[in-house]
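The block underneath contains the structure these notes are about, expressed in structure tokens.
Fair warning: this is a prediction, and the values are worked out from it, not measured in the lab.
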Amino acid sequence: MIPFLLFLGLVAGVIGLVVSLELLEKQKQHYEQQIREIKQQINIAVIRTPNCLCGTPATQQFELEDKTYFACNKCLATQLENV
């Protein structure tokens, strides 16, 4: 009787382990999908961020004569003088 109970406990443990591994794999795939989506959103944001004339990401936007200009904080005064 005791060997049967040990066997039954072992089978239950193996089943529990397999189920746990399946759930972990599904959770891992879910998180990997979320990471891919976030990376894609970051790439889109980086592509759409305009650059200053010096090449750094623009932090300021101003319009003159129906044209939109972009500048970083360092170049803003110079660009305003030149335009």
Side-chain angles (χ1 to χ4, degrees):
M1 183 70 179
I2 291 178
F4 177 72
L5 291 176
L6 288 175
F7 176 73
L8 192 61
L10 181 65
V11 169
V14 169
I15 291 172
L17 184 61
V18 169
V19 169
S20 296
L21 291 174
E22 289 288 327
L23 290 175
L24 285 173
E25 184 63 29
K26 286 182 182 181
Q27 188 177 27
K28 178 184 171 190
Q29 290 174 357
H30 174 72
Y31 286 139
E32 287 174 346
Q33 177 63 29
Q34 285 183 325
I35 290 170
R36 281 192 295 274
E37 291 172 2
I38 290 170
K39 284 182 179 179
Q40 183 179 10
Q41 290 172 356
I42 290 171
N43 287 338
I44 289 170
V46 168
I47 290 170
R48 292 185 182 169
T49 302
N51 285 340
C52 176
L53 294 176
C54 70
T56 61
T59 56
Q60 306 291 330
Q61 174 181 346
F62 59 97
E63 293 184 20
L64 293 171
E65 301 175 6
D66 296 331
K67 289 180 90 178
T68 302
Y69 297 91
F70 299 96
C72 66
N73 289 334
K74 184 177 79 174
C75 299
L76 180 61
T78 307
Q79 283 197 29
L80 286 172
E81 290 174 4
N82 293 339
V83 176

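One distance of note links CD of Q40 with CD1 of I35; it measures 14.0 Å at 0.5 Å rounding. Atom-to-atom distance recorded for Q61:CD and Y69:OH is 12.5 Å, nearest 0.5 angstrom. One distance of note links CG of L10 with CD1 of I15; it measures 10.0 Å at 0.5 Å rounding.
Closest non-hydrogen pair, C75 versus C52, comes out as CB-SG, 3.7 Å. Shortest non-hydrogen contact noted between P57 and N51 is CA-OD1, 3.5 Å.
Q33 and E37 share a donor-acceptor pair across their side chains, judged by distance under 3.5 Å alone.
Under a cut-off of 6.0 angstrom, the local environment of CD in Q34 is crowded, with over 12 non-hydrogen atoms contributed by other residues, nucleotides or ligands.
Considering Q29, K28, Q27 as possible partners of Y31, the one that fulfils the side-chain contact (heavy atoms from CB on, under 4.5 Å) test is Q27.
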